[in-house]
Amino acid sequence: MDVGAGDTGQDAQPSAGEVVGQLAGVQRHDGTVVELKDMSEAELRQLADALEIAGADHHPLGQVIEAIQAEEVLVPAASDQDHIYLVNRELLEHDGERYAFGDQVVIEDETAAAALLALGAIVREGE
């Protein structure tokens, strides 16, 4: 289980290209992403131990989850590259522009991008 891409803790200081965020889930070694609410008690206690949260082995599970959620983590900041996609359909209209198969399109609205990715209308550049 990968608990983060950088430093953790209340003193986490972002460097260039990083922001401070809260942990919402983890990525397992097989690549699957699991939200905290979907993790087993053993996994949550293991995560709390990895984050060096005091008392994680004996506090009630609710307190352990609250402590994990309060933990600050450094994550990569979104960049312009994160919003570039390739059109995977014959035609796509976005923000009044028309794009054809293989064209690059910048979609900054993460909700819209997620919906188009799920439909297969776009793919992340480089995939």
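Residue indices begin at 1 and follow the sequence shown.
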Inset, instruction - State, yes or no, whether a side-chain contact exists between I84 and Q104 at a heavy-atom distance under 4.5 Å. - result: yes
Legend entry - Those residues that, when tested against T111, pass side-chain contact (heavy atoms from CB on, under 4.5 Å) (two or more places apart): D109
Can you give me every donor-acceptor pair (side chain of residues 92-101, partner residue at least two apart or in another chain, under 3.5 Å) with its distance?
none

Inset, instruction - Side-chain contact test, heavy atoms from C-beta onward, threshold under 4.5 Å: evaluate it for L36 versus M39 and give yes or no. - result: yes
Legend entry - Any donor-acceptor N/O pair, R45 side chain to S40 backbone, under 3.5 Å: no
Using residues 53-69 as the side-chain source, report each donor-acceptor pair under 3.5 Å to any protein atom, sequence neighbours left out, with the distance given to one decimal.
| from | atom 1 | to | atom 2 | distance (Å) |
| --- | --- | --- | --- | --- |
| H59 | ND1 | Q63 | OE1 | 3.3 |

Legend entry - Rounded distance [0.5 Å steps], CD in E41 versus CD in Q46: 13.0 Å
Inset, instruction - Evaluate the side-chain proximity of V73 to Q22: yes if any heavy-atom separation is below 4.5 Å, no if none is. - result: no
Legend entry - Nearest heavy-atom neighbours spanning A112 and I107: CB-CG2, 4.3 Å
Legend entry - Separation between CG of L44 and CG of D38, rounded to the nearest 0.5 Å: 10.0 Å
